[in-house]
Amino acid sequence: MDILVNLQAFLATADTAGFSAAARKLGVSTSVVAKRVTQLEARIGTPLFHRSTRQLRLTEAGQRYVHRARGVVADATDLLSRMGEKGHDLVDHLRIKAPTSLTVARLADAFSAFQTQNPRLKLEIVLIDRPVDPVTEGFDIAIGAFPHSFGGVVDEPLCPLKRLLCASPAYLKKHGTPKHPRDLVDHRCLSFLPTGPEWIFDGPRGRISIQVSPLLSSNEGHVLARSAIAGNGVALISHYLVADALRDGTLKAVLRDFPIPELWVKATIPERRRNAAAVQALLTLLKTSLAAAL
């Protein structure tokens with residue numbers, strides 16, 4: 001087991017850029033982490049970190065080995081979990097990339113429930129609003145709605161993500177209601193940064209693409225929702241973020257005849273991790289939770 005704990009110390013140090021922070025993450029002393037990393041370096045015959053008084057930086061060898069080390073640790077942890085006497089209890093460490101707005105509004109509860117059901121499971125959840133290659137960036141699962149794909153991964157669809165255009169009654173009374181997507185060039189637009197200022201609609205004769213000049217851009221959907229409710233403009237936003245406001249009339253949907261193409265929330269998983277028990281269990285929970293929440 002020495003090689004496994006030494007690899008875990010290496011990964012924690014790489015993630016936190018310091019022995020002290022890695023020690024806190026692993027629940028051991030700083031000297032133990034430093035000793036384990038030194039032992040690993042002695043074993044492979046090359047330094048993994050550039051050491052200075054201020055920080056630790058991965059050497060070229062460290063950068064080359066860090067992602068492979070994640071795979072080895074993940075596979076070993078999964079194997080030990082399956083072989084343990086309490087085989088029904090999941091024992092693993094899942095590193096998960098998730099989008100900010102969806103996590104705050106919906107996924108946080110799902111993650112909490114999953115960890116309650118599996119108390120021996122460790123979760124590391126990183127909120128990132130851009131496409132992520134889980135293989136190169138060291139994630140077990142990358143959740144998102146971007147149509148990107150990468151090599152060596154499996155895409156697992158979770159649920160459709162409905163989006164719409166909406167604005168407050170006060171804004172529409174003052175500025176008028178757009179009748180066609182091209183009218184948006186004369187409106188105050190509130191845009192989601194990760195998807196950009198090119199707004200795409202399905203029209204009777206095909207796709208319509210409009211380049212807007214946003215009054216507000218944000219990578220956090222709640223910010224756009226609050227701004228729209230305040231009467232600051234027309235927002236292109238995920239339905240789940242404004243469902244309550246639409247029901248009570250605080251916001252009104254516009255351009256209903258020009259729907260916005262659905263995105264699909266998906267989980268991107270490294271092929272080597274697709275059959276891990278903890279990964280499969282989390283995917284099952286996410287599909288159930290998101291189907292009910294979105």
So how far is it from L56 CG to T16 OG1, rounded to the nearest 0.5 Å?
8.0 Å
Under 4.5 Å between any side-chain heavy atoms of T46 and T59, yes or no?
no
Heavy-atom distance under 4.5 Å between the side chains of H239 and R163, does that happen here?
no
Minimum heavy-atom separation for K97 and G144, please, with both atom names.
NZ-CA, 4.0 Å
Got a second to check how far K287's NZ is from L158's CG, nearest 0.5 Å?
7.0 Å
Of T38, V33, V32, which meets side chain to side chain contact (heavy atoms under 4.5 Å, CB included) against R36?
V32
With heavy-atom distances below 4.5 Å as the criterion, would you say the side chains of L286 and F114 are in contact?
no
T13 meets the side-chain hydrogen bond (donor to acceptor under 3.5 Å, both in side chains) criterion, sequence neighbours left out, with none
By side-chain contact (heavy atoms from CB on, under 4.5 Å) - contacts of D183 (at least two apart)
P178, K179, H180
What pairs of donor and acceptor atoms, side-chain ones from residues 242-253 against any protein atom, are under 3.5 angstrom apart with sequence neighbours left out?
{"from": "D244", "atom 1": "OD1", "to": "R247", "atom 2": "NH2", "distance (Å)": "2.1"}
{"from": "D248", "atom 1": "OD1", "to": "T250", "atom 2": "N", "distance (Å)": "2.8"}
{"from": "D248", "atom 1": "OD1", "to": "T250", "atom 2": "OG1", "distance (Å)": "2.4"}
{"from": "D248", "atom 1": "OD2", "to": "T250", "atom 2": "OG1", "distance (Å)": "3.4"}

How about S238 and K162: do any of their side-chain heavy atoms sit closer than 4.5 Å?
no
For I208, the other hydrophobic cluster members (4.5 Å side-chain criterion, sorted by chain and number) are L165, Y171, L172, L184, V185, W199, F201, I210, V212, V234, L236, V254, L255, F258, I260
According to ring-ring contact (aromatic ring centres under 6.0 Å, His included), who are the partners of F49, at least two apart in sequence or on a separate chain?
F10
Residues clustering with V153 (ILVMFWY side chains joined when closer than 4.5 Å, directly or via others):
V135, F150
Under the side-chain contact (heavy atoms from CB on, under 4.5 Å) rule, collect the residues that match up with L216, sequence neighbours excluded.
L190, V223, L224, S227
Between D140 and R95, does the salt bridge (charged side-chain N to carboxylate O under 4.0 Å, His left out) criterion hold? Intermediate values first, please.
CA-CA 5 Å; D140 299 296; R95 190 164 186 259; over 6 Å; no
E156 side, atom CD; L283 side, atom CG - distance, nearest 0.5 Å:
5.5 Å
Side chain to side chain contact (heavy atoms under 4.5 Å, CB included) between I143 and T103, intermediate numbers included:
CA-CA 10 Å; I143 301 169; T103 301; over 6 Å; no
CA sep, side-chain torsions, deciding dist, call: E220, S101, side-chain hydrogen bond (donor to acceptor under 3.5 Å, both in side chains):
CA-CA 5 Å; E220 217 296 295; S101 300; 2.9 Å; yes
Test side-chain contact (heavy atoms from CB on, under 4.5 Å) applied to R207 - qualifying residues, sequence neighbours left out:
I200, D202, P261
Would you say that more than 12 heavy atoms from the other residues, nucleotides or ligands in this model lie under 6.0 Å from the CZ of R43, or not?
no
side-chain hydrogen bond (donor to acceptor under 3.5 Å, both in side chains) pairs, two or more places apart, involving residues 17-32
D15-K25, K25-E124, S29-S31
Cluster check V132, L123: I/L/V/M/F/W/Y, side chain < 4.5 angstrom
no
Not counting sequence neighbours, which residues clear salt bridge (charged side-chain N to carboxylate O under 4.0 Å, His left out) with R57? List them please.
none
Within the 4.5 Å heavy-atom criterion, are F146 and L263 side-chain neighbours or not?
no
When you check the gap from the basic side-chain N to the acidic O, do R130 and E137 get nearer than 4.0 Å?
yes
Could I get the full list of side-chain contact (heavy atoms from CB on, under 4.5 Å) partners for T136, not counting sequence neighbours?
D133
With sequence neighbours excluded, what pairs up with R51 under the salt bridge (charged side-chain N to carboxylate O under 4.0 Å, His left out) test?
E41
Test V279 against every option in I141, I96, D92 by the side chain to side chain contact (heavy atoms under 4.5 Å, CB included) rule and name the one that passes.
I141
Assigning hydrophobic clusters by single linkage (Ile, Leu, Val, Met, Phe, Trp, Tyr; side-chain heavy-atom cutoff under 4.5 Å), is W264 placed with V154?
no
State whether the number of non-hydrogen atoms from other residues, nucleotides or ligands found under 6.0 Å of R226 atom CZ is greater than 12.
no
Sub-4.5 Å side-chain heavy-atom contact between P99 and D129:
yes
